[in-house]
Amino acid sequence: MGMFDQLRPHPRLTPAEPFYAIGDIHGCFELLADLLRKLDPGVPIVCLGDYIDRGPNSAAVLHLLQALPEITCLRGNHEEMMLRFLADPTGAGAGWLRHGGLETLQSFGVPVQGDPVEMRDLLETALGAQTIDWLGALPRFYQSGNVVATHAGGDPSNPIEAQDPDFMVWGHPDFARRRRRDGLWMVHGHVIVPEPSIEAGRIAVDTGAYASGRLTAARIVPGGVQFVSVQSTAATV
C-alpha cells in the first residue's frame, strides 16, 4: 500500500437506511438487555456474532435473540466453533472448550467434565433442534448501501460476493492493514478495542463486553456514526 493509498479519504457512508451494529456479546445477557433498551425503536439492528462463550449467560442471550426475529444476527467464530463441536466433539471439542465453551456448557446446565460425546449429546438436547438450525442458518454478512457488516471483516482485495466465508468469520491478515478499493465500509467485531473506532473504512465495535463490562453499538447513518455503550459495574473476568 503506497503513501497515496494510506492518505486518500474513504467515500462517505451511505447506508440505504440507518441501522445499529452491536459488537460481540459473549454471554453478557444483562448488558445486551440494557443496550437494547437504549436503542431508538424502529431502527434495524444487526448483531455481529459471538453471542456465546466466556461470559456467564450464553443460553439467555441465545434465547433472547431468537425471540426477536426483527434483529439480524450474523455468524461469529464462536458460533462456528460450537457448531463444529456438535458435529465432531472429539476432534473439535478441545479447542472450543479452551476458548469459552466451558462457560456455554455451564449456562445450559451441561456438566463440563467427562466424555466429549456425552457433553455434545447433552448440549444438543439442551439447545434443541430449533436453536441448532437457527445457529446453522446464521448469515455471514449484511449489507446496506456501501456499508457491510461482518463478524471479523474479510479479505480487502476481494468483492463481498466473492469472499471466502471463513474470512468473514475468522478474519483475514490484511483486513486491518489494507484499505478496500471498492468504496465499501466494513463494520465488525472480533478484535477487542479499548474504544470503538472509525478508521480507513473500518468501524470497530467489539469493546470486550465479557472482560471490560462494556457492550457497544454503532448507529450508522448516511454521513456518520454514533456509538452507544452500556457499562456494568463489574467485569465477568
Side-chain angles (χ1 to χ4, degrees), residues 1-25 31-32 34-50 65 68-76 138-163 167-169 171-172 174-209 212 214-231:
M1 182 169 62
M3 179 66 70
F4 176 77
D5 190 65
Q6 294 180 51
L7 297 177
R8 66 186 173 88
H10 210 71
R12 182 177 182 269
L13 278 159
T14 55
E17 62 178 345
F19 71 95
Y20 288 105
I22 296 178
D24 302 25
I25 299 163
L31 285 176
L32 175 60
D34 288 346
L35 182 58
L36 291 176
R37 284 191 286 267
K38 292 188 68 172
L39 305 185
D40 295 331
V43 178
I45 298 171
V46 180
C47 289
L48 300 178
D50 281 9
L65 292 175
L68 298 171
E70 66 272 19
I71 295 179
T72 299
C73 293
L74 304 182
R75 181 183 297 210
L138 292 175
R140 291 174 173 82
F141 76 95
Y142 168 92
Q143 183 166 2
S144 178
N146 73 341
V147 186
V148 176
T150 69
H151 175 63
D155 182 351
S157 64
N158 275 342
I160 296 304
E161 60 273 14
Q163 290 281 314
F167 292 148
M168 294 182 174
V169 173
H172 187 279
D174 289 335
F175 175 66
R177 298 198 296 257
R178 294 177 54 195
R179 183 195 297 267
R180 295 192 66 87
R181 294 179 175 271
D182 54 12
L184 292 178
W185 286 78
M186 304 292 290
V187 55
H188 66 95
H190 189 59
V191 176
I192 294 176
V193 291
E195 295 291 335
S197 63
I198 307 168
E199 181 182 2
R202 297 180 294 270
I203 304 168
V205 294
D206 178 10
T207 48
S212 68
R214 184 183 183 193
L215 181 64
T216 297
R219 189 177 194 273
I220 301 171
V221 302
V225 178
Q226 177 187 11
F227 296 113
V228 183
S229 296
V230 291
Q231 180 77 53

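Since the structure is predicted, the reported quantities are computational estimates derived from the model, not experimental observations. Numbers here simply count residues along the sequence, with the first being 1.
- Of all the heavy atoms in F175 and A152, the pair that sits closest is CD2-O, 4.1 Å.
- The distance from atom OG of S197 to atom CZ of F227, rounded to the nearest 0.5 Å, is 6.5 Å.
- Going from atom CG of L48 over to atom OG1 of T150 covers 7.5 Å, rounded to the nearest 0.5 Å.
- Applying the ring-ring contact (aromatic ring centres under 6.0 Å, His included) test to F141 and every residue at least two apart in sequence or in another chain returns nothing.
- Closest approach of A218 to V205, counting heavy atoms only: CB-CG1, 3.7 Å.
- A 4.5 Å side-chain heavy-atom check between I45 and L36 finds at least one atom pair inside the cut-off.
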> Going through the distances and angles, do I22 and L39 end up as a side-chain contact (heavy atoms from CB on, under 4.5 Å)?
Replying inline: CA-CA 10 Å; I22 296 178; L39 305 185; 4.1 Å; yes
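- Between L13 and P15, the shortest heavy-atom contact is C-CD, 3.6 Å.
- Atom-to-atom distance recorded for H151:NE2 and C47:SG is 12.5 Å, nearest 0.5 angstrom.
- One N or O on the side chain of H10 and one on the backbone of L184 form a donor-acceptor pair closer than 3.5 Å.
- Checking side-chain atoms of R180 against main-chain N and O of N158 turns up a donor-acceptor pair under 3.5 Å.
- In this structure, H172 NE2 and Q163 CD are separated by 8.0 Å, a value rounded to the nearest 0.5 Å.
- T207 and S212 make their closest contact through O-OG, 2.6 Å (heavy atoms, listed as atom of the first residue, atom of the second, distance).
- For R202 (side chain) and A176 (main-chain N/O), a donor-acceptor pair under 3.5 Å exists by modelled atom type.
- A search for side-chain hydrogen bond (donor to acceptor under 3.5 Å, both in side chains) contacts involving E199 returns nothing, not counting sequence neighbours.
- Using modelled atom types, no side-chain atom of T14 and backbone atom of G145 make a donor-acceptor pair closer than 3.5 Å.
- Atoms OG1 and CD, from T216 and E195 in turn, are 8.0 Å apart once rounded to the nearest 0.5 Å.
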> Going through the checks in order, is the side-chain contact (heavy atoms from CB on, under 4.5 Å) test met by L215 and L32?
Replying inline: CA-CA 7 Å; L215 181 64; L32 175 60; 4.3 Å; yes
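- Using a 4.5 Å cut-off on side-chain heavy atoms (C-beta onward), T72 and F19 make no contact.
- Here the shortest heavy-atom pairing between I220 and V225 reads CG1-CG2, 4.3 Å.
- Here the CE atom belonging to M168 is positioned 4.5 Å from the CD1 atom belonging to I160, to the nearest 0.5 angstrom.
- Minimum interatomic distance between R214 and P194 (heavy atoms only, all atoms of both residues): NH1-O, 3.4 Å.
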>> Let's go through D206 and H190 carefully: what are the C-alpha distance in whole Å and the side-chain angles of both, what is the deciding distance for side-chain contact (heavy atoms from CB on, under 4.5 Å) to 0.1 Å, and is it a yes or a no?
In response: CA-CA 6 Å; D206 178 10; H190 189 59; 5.5 Å; no
>> Apply side-chain contact (heavy atoms from CB on, under 4.5 Å) to residues R37 and V230 and explain how you reach the verdict.
In response: CA-CA 10 Å; R37 284 191 286 267; V230 291; over 6 Å; no
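- Annotation: side chain of K38 is not in contact with side chain of S229 (no heavy-atom distance under 4.5 Å).
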